[in-house]
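Just so it is clear: chains get the letters A, B, ... in the order the sequence lines come, proteins before strands, and each one is counted from 1.
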Amino acid sequence: MKFFNTLTGKKEDFQTLQPGQVGLYTCGPTVYDLAHIGNFRAYVFEDLLHRYLLYRGYAVTRVMNITDVDDKTIAGCLREGISLKEFTNRYLKFFLEDMESLRLLKPDYLPRATEHIPEMVSLIKTLLEKGFAYMKDGSIYFRISKFPSYGKLAHLDLSAIKPGARVEVDEYSKEDVRDFALWKAEPEGQVAWETELGRGRPGWHIECSAMSMKYLGETFDIHTGGIDNIFPHHENEIAQSEAATGKPFVRYWLHCAHLLVNNEKMSKSKGNFYTLRDLLNKGYNPLAVRYLLLSTHYRDPLNFTETSLAQATNTLRHYQEFFHNLSFYQGKQDNQILSQKIDQARKAFIEHLDDDLNISPALAAIFELIKEANIALNTASFSAENVRQLESFFLEVDQVLAILERRKETLEEEIVRLIRQREEARKAKNFKKADEIREELLRQGIVLEDTPAGTRWHRRQ
RNA sequence: GGCCUGGUAGCCAAGCGGCAAGGCAGCGGUCUGCAAAACCGCGAUUCGGCGGUUCAAAUCCGCCCCAGGCCUCCA
């Protein structure tokens, strides 16, 4: 298995620290608002990674942080006059619901920043003791000049950072404008913790260092996020963590490209975003959203349009109906070639996903199998065993893709009765009545398809 | 200014030196009582542009054009 490692800028063979085990840290949401589908692109990518590692037999321990204290969450709870916890709980709940709609696997740990203040304090104390941090006016900053490899992840030339260009020069009084806050003094602020470091609250970056190392150890396998997290967030995590432990922090850094809308980055600050709920309210299927976000390679920019979502909806419908229809087929002629095609599809699926999660050709292999299977099914050259193999294969790859609808396979008695009546009408060549029944069922959301082997049905999507 | 992506058929998207995957949409056909689904056929003589290297370039090199991102809020 290979992954493109941001740290080295190369595709590398994936070697775990412990045989068969993977420690995976995926940067999670700041719970101050609904996440938009640009955010979900990253979470869908992380879900694919998580599921594929499991599919390939790794024991995965995955951590996703919940940032529930920062400028925006504090501003939000003050604005509404409620506690920080009450405010962030609301958006955490929405986030977890959206995760479920998109079939995102739940991480093993979802640590909240506010529940790890002691761990952060302890890490900051270590940095102070080692001279990597200093206190100024009650706040504590990381001293970048003490950490020579700063910039190695983002491949940034530090001298190229122009003070004042985008740095707020006089917000805090730092030794060096590039230094970043580990701890923000809040002598008067309403949201603050009384600690050995004084009254204050943590900087943004420190939570990920403290929580990842708590749950995954001082060095772990994979850390992911959107490319906009590379700098400064992940760069700072490396600095804090490696300065404190003297050990390498993360072996593989994986970052996904942005989702664009009308060829612009989708972001809260631009106001050009869709939330998942916006799309569901328009009638789109959450699994179509999942499929769309999944089907472009994670390191390529994805330009989101409703046209592409509609296309994904159609692809998904065909895919799901193929699977659903398998249960209607009964055949007797064993087809060895079809069995071989299934094995070939599995082989291609794995080969391509092993290559830095190259999903497009992996999906192409599956679509080619569907075509082969349809030919066999339409010409009756298959056995019950072939059908069983197909069902089993599609359920297998669905461990990774998670796009199959687990529909109720039973129909109401009334509908079964109508289908039977229509069959009789057709046999009697009473096509007017047959068509009336078909239309009535369609109104009830049941689509009928007549095949030589009998009438099959599916629920309209 | 520095760094980094992307530009392949109407749309989405693989391929990254040896005849241009796959999906969606469209058109024609087969099947069907009619449909639907499925299948068959059609669709890029060409991969943003111009040069270069090579027996061979969408793939490598150079320059240019377009779009987007990062350079201390950000998935």
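Within the 4.0 Å cut-off from OP1 or OP2 of B/C34, not a single side-chain nitrogen or oxygen of A/Lys432 is found. Listed pair A/Lys427 / B/G33 fails the phosphate criterion, with no side-chain N or O lying under 4.0 Å from OP1 or OP2.
Counting any heavy atom pair closer than 4.0 Å across all strands shown, A/Asn358 reaches sugar-phosphate atoms only and no base atom. If you check every strand for non-hydrogen atoms under 4.0 Å, A/Gly38 touches a base. Nucleic acid contact class of A/Lys429 (heavy atoms, under 4.0 Å, all strands): none. Using a 4.0 Å heavy-atom criterion, one finds that A/His352 contacts no nucleic acid atom at all. Using a 4.0 Å heavy-atom cutoff across all strands shown, A/Ile230 reaches no nucleic acid atom at all. Within 4.0 Å of A/Leu448, counting heavy atoms only, lies at least one base atom of the nucleic acid. Contact annotation for A/His318: backbone-only contact, meaning every heavy-atom pair under 4.0 Å involves sugar-phosphate atoms and none involves a base. Counting non-hydrogen atoms under 4.0 angstrom, A/Glu368 reaches the backbone sugars and phosphates but no base.
Mapping A/Ala365 and A/Met266 onto RNA chain B via the closest heavy atom, the residue that lands nearer the 5' end is A/Ala365. Residues A/Asp300 and A/Cys256 each lie close to RNA chain B; by heavy-atom proximity, the contact nearer the 5' end of the strand is made by A/Asp300.
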*A/Phe394 vs A/Leu369, side-chain contact (heavy atoms from CB on, under 4.5 Å): CA-CA, chis, key distance, verdict*: CA-CA 10 Å; A/Phe394 279 85; A/Leu369 176 64; 4.0 Å; yes
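Counting to the nearest Å, the C1' atom of B/A36 and the CG atom of A/Asn325 are 11 Å from each other. Rounded to whole Å, atom C1' of B/C3 lies 7 Å from atom CG of A/Leu156. Between A/Asp228 atom CG and B/C70 atom P the separation is 7 Å, expressed in whole Å. Going from atom CG of A/Asp70 over to atom C1' of B/U72 covers 15 Å, rounded to whole Å. The CG-C1' distance, from A/Asp450 to B/C34, rounds to 10 Å in whole Å. Atom pair A/Lys265:NZ and B/C4:P shows a separation of 19 Å (rounding to whole Å applied). Computed from coordinates, the A/Ile74 CD1 to B/C73 P distance equals 16 Å when rounded to whole Å. When rounded to the nearest whole Å, the span between CD of A/Glu235 and C1' of B/C73 equals 18 Å.
When distances run from any side-chain atom of A/Ser360 to the nucleotides B/A21, B/A37, B/U72, the shortest one goes to B/A21. When the nucleotides B/A21, B/G69, B/U5 are ranked by their closest atom to the side chain of A/Ala364, B/A21 comes out on top. When distances are taken from the side chain of A/Ile144 to each of B/U72, B/A37, B/A14, the shortest belongs to B/U72. With B/A38, B/C40, B/G33 as the choices, the nucleotide that has an atom nearest any side-chain atom of A/Asn374 turns out to be B/A38. In this structure, of B/G69, B/C34, B/C73, it is B/C34 that holds the atom nearest to the side chain of A/Arg426. In the set B/A38, B/C40, B/G33, the nucleotide with an atom closest to the side chain of A/Ile375 is B/C40. Distances were taken from every side-chain heavy atom of A/Asn314 (C-beta onward) to each of B/G23, B/C24, B/U72; the shortest belongs to B/C24. Relative to the side chain of A/Thr315, the nucleotides B/C34, B/G23, B/C40 differ in distance, and B/G23 lies closest. Set against B/C34, B/G69, B/C73, the side chain of A/His258 has B/G69 as its closest nucleotide.
A/Tyr141 is not listed as a side-chain neighbour of A/Glu175, based on a closest heavy-atom distance of 4.5 Å or more. Counting heavy atoms from C-beta on, the side chains of A/Leu292 and A/Phe304 come closer than 4.5 Å. Residues A/Gln190 and A/Cys77 form no side-chain contact, since every pair of their non-hydrogen atoms from C-beta on lies 4.5 Å or further apart.
B/U53 is unpaired under the Watson-Crick or G-U wobble criterion, no partner having all donor-acceptor distances under 3.5 Å. Pairing partner, B/A67: B/U5, with both Watson-Crick or wobble hydrogen-bond distances short of 3.5 Å. With a cut-off of 3.5 Å on both pairing distances, B/C31 has no Watson-Crick or G-U wobble partner at all. Judged by Watson-Crick or G-U wobble contacts below 3.5 Å, the nucleotide B/G43 has no partner. With a 3.5 Å ceiling on both atom-pair distances, B/A36 lacks any Watson-Crick or G-U wobble partner.
Within 3.5 Å, a donor on the side chain of A/Arg438 pairs with an acceptor on the base of B/C34, or the reverse. Taking 3.5 Å as the limit, the base of B/G33 and the side chain of A/Asp435 contain a donor-acceptor pair of atoms between them. At a cut-off of 3.5 angstrom, the base of B/C11 holds at least one donor-acceptor pair with the side chain of A/Gln311.
The pair A/Arg143-A/Asp176 does not count as a salt bridge, with every side-chain nitrogen at least 4.0 angstrom from each carboxylate oxygen. Residues A/Glu242 and A/Lys152 are paired through a salt bridge, judged by an N-O separation under 4.0 Å between the basic side chain and the carboxylate.
Under the 6.0 Å distance and 45° angle rule, A/Arg251 does not count as a cation-pi partner of A/Phe220.
Stacking between A/Phe367 and the base of B/G22 is absent under the criterion of ring centres within 5.5 Å and planes under 30 degrees.
At distances below 3.5 Å, not a single donor-acceptor pair connects side-chain atoms of A/His258 with backbone N or O atoms of A/Leu260.
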